[in-house]
Amino acid sequence: MKKIFLFIFFSGFIFSQESETSEYDPCSDPLLILARKDGIKAMPLKDIFKYRKLVKECERYGGEKVIQQIELRDFERDFKKSQTMASWTSTYSICVFIVMIYYFIGLAAATK
Amino acid sequence: MATPTVGQPKLSNDLGFGFYEPTMDGFDKNEEVFFPTGSFSERNLLLNWGVYYEFFSNARIGYNSFISVELGRMDLQNSKPAFIRSLKYRMFPLETFFRWRPKIEINFTLAPVWGRGRITVETTPSEKTDDWNELLNSFGDRDPMEEMGSSDAMINDWIGYSGMIGIRYYISSRIGLDFKAGFLNNSYDKTNWRLFKKKVTGPELKIDKLPIFSFKVIYGIK
């Protein structure tokens with residue numbers, strides 16, 4: 001009986017499963033893929049800290065270019081979207097500008 | 001070719017400061033009640049917070065609150081009660097913008113303003129009515145209070161409007177620094193104050209046609 005117990009106990013070490021040999025790549029994490037594809041702001045708020053951790057890990061892993069690309073794409077995406085004023089927004093901006101000019105001319109005239 | 005589905009923040013909040021220069025003669029030139037001299041932080045500094053929603057690729061709507069607070073002790077004849085004075089400029093801005101450079105945005109804002117002034121005096125129950133009447137007399141009110149509640153504050157509401165032009169620099173795609181310059185116009189009337197359901201006269205304040213500057217940090221939530 002004692003031998004059987006000893007066999008069962010040590011068999012866990014003798015016939016153990018092989019350890020995972022494939023390395024973990026933080027740069028190919030689904031969160032970074034989402035950030036690259038849809039932008040940093042597409043990530044849920046709860047994943048921001050995880051994202052920052054992944055960014056550091058990815059940079060340490062040699063993926064500085066991947067991170068730079070994510071940030072650059074995000075700025076370019078925003079830039080393209082709002083580079084020119086569309087529809088009524090330009091008219092509105094001109095109105096604001098005219099109101100401002102009118103106000104400051106009035107202020108200058110009143111203080112003279 | 002696939003179009004990007006996500007852009008700049010749809011929902012953002014901001015926190016910062018505002019600067020303006022009102023004239024508060026009701027406090028600073030009051031000959032009957034001595035108020036501690038207002039410093040820069042109590043007269044010219046405004047705390048500022050806001051929430052914005054981008055409903056169009058070049059426009060956002062939101063809520064923005066500028067708050068000026070003063071704390072101190074008044075020098076009345078029989079007591080030195082603590083008083084708190086706050087002026088809130090609650091704005092409902094409609095802002096349009098465009099990106100001049102990938103990280104730089106120019107924005108244009110017009111906002112209706114709902115302003116509220118509030119003066120609270122911490123007095124002892126036995127001297128409450130006398131203290132309030134002395135304060136109101138110093139503001140020019142000639143109709144003394146006869147009864148007061150347990151916790152009283154005089155309140156005034158007014159409307160106004162504001163226009164601003166600003167520049168925003170995005171440090172990252174979520175965080176930005178925003179500087180705005182413009183004006184603030186309020187239709188404040190010193191006879192419109194309310195205290196314990198009664199109309200009273202409040203302090204003389206000149207808060208119309210004021211240049212205003214704001215500096216804030218933006219955080220894009222989503």
Side-chain angles (χ1 to χ4, degrees), chain A residues 31-52 55-56 67-112, chain B residues 2-13 21 54-61 93-111 161-166 168-176 180-185 208-212 219-222:
Chain A
L31 206 57
L32 286 188
I33 293 169
L34 176 73
R36 193 161 39 186
K37 193 176 159 231
D38 291 337
I40 298 168
K41 291 178 288 291
M43 278 185 307
L45 270 183
K46 64 179 175 60
D47 290 332
I48 288 172
F49 292 107
K50 191 184 170 190
Y51 170 74
R52 283 182 190 157
V55 165
K56 279 179 190 168
I67 302 302
Q68 278 174 7
Q69 197 187 31
I70 289 172
E71 286 170 2
L72 190 70
R73 272 191 184 187
D74 224 38
F75 278 121
E76 280 176 354
R77 184 184 287 112
D78 292 349
F79 182 49
K80 276 178 192 165
K81 203 180 162 198
S82 55
Q83 193 177 8
T84 51
M85 296 193 116
S87 187
W88 54 273
T89 55
S90 55
T91 315
Y92 181 86
S93 306
I94 291 166
C95 289
V96 176
F97 197 74
I98 290 168
V99 170
M100 292 278 293
I101 297 283
Y102 175 76
Y103 167 76
F104 280 106
I105 287 173
L107 193 72
T111 48
K112 270 185 184 175
Chain B
T3 52
T5 52
V6 179
Q8 51 209 58
K10 292 270 179 234
L11 190 65
S12 64
N13 63 357
E21 199 170 7
E54 189 188 306
F55 65 95
F56 188 65
S57 60
N58 293 108
R60 52 177 86 98
I61 197 161
L94 175 60
E95 187 172 291
T96 56
F97 60 91
F98 71 94
R99 289 241 185 169
W100 177 41
R101 294 278 185 273
K103 289 187 180 185
I104 300 172
E105 172 196 302
I106 309 288
N107 50 52
F108 305 86
T109 312
L110 271 183
Y161 61 95
S162 173
M164 290 188 193
I165 292 178
R168 184 179 293 189
Y169 179 79
Y170 284 97
I171 296 167
S172 73
S173 61
R174 270 188 201 270
I175 302 168
K180 282 183 172 63
F183 68 92
L184 175 65
N185 206 358
D208 63 320
K209 296 173 188 171
L210 294 172
I212 185 168
Y219 186 79
I221 298 170
K222 188 74 184 147

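Computation of the quantities below employed the complete heavy-atom set of this structure, encompassing side-chain atoms and omitting hydrogens, waters and symmetry-equivalent molecules. Protein chains get the first letters and strands the later ones, always in sequence-line order, with residue 1 at the start of each.
For the atom pair A:Met100 CE and B:Met164 CE, the distance stands at 8.5 Å (nearest 0.5 Å). How far OH of A:Tyr92 is from CG of B:Leu110: 4.0 Å, rounded to the nearest 0.5 Å. Taken to the nearest 0.5 Å, the CD atom of A:Gln83 stands 13.0 Å off from the CH2 atom of B:Trp100. Expressed to the nearest 0.5 Å, how far CZ of A:Phe79 lies from OH of B:Tyr170 amounts to 13.0 Å. Atom-to-atom distance recorded for B:Arg174:CZ and A:Met43:CE is 5.5 Å, nearest 0.5 angstrom. From B:Glu54, atom CD reaches atom OG of A:Ser82 across 7.0 Å, with rounding to the nearest 0.5 Å.
Cation-pi contact between B:Lys103 and A:Phe75: present, with separation from the ring centre below 6.0 Å and deviation from the ring axis of at most 45°.
Put simply, the side chain of B:Thr109 does not reach to within 4.5 Å of the side chain of A:Val96, judged on heavy atoms. Annotation: side chain of A:Cys95 is not in contact with side chain of B:Phe108 (no heavy-atom distance under 4.5 Å). Side-chain contact between A:Thr89 and B:Phe98 is absent, with no heavy atoms from C-beta onward closer than 4.5 Å.
Considering all non-hydrogen atoms of both residues, A:Leu107 and B:Lys209 come closest at CD1-O, 4.0 Å. Between B:Asn58 and A:Ala86, the shortest heavy-atom distance links the atoms OD1-N, 3.1 Å.
The contact between B:Leu94 and chain A is made by backbone and side chain atoms together, counting heavy-atom distances below 4.5 Å.
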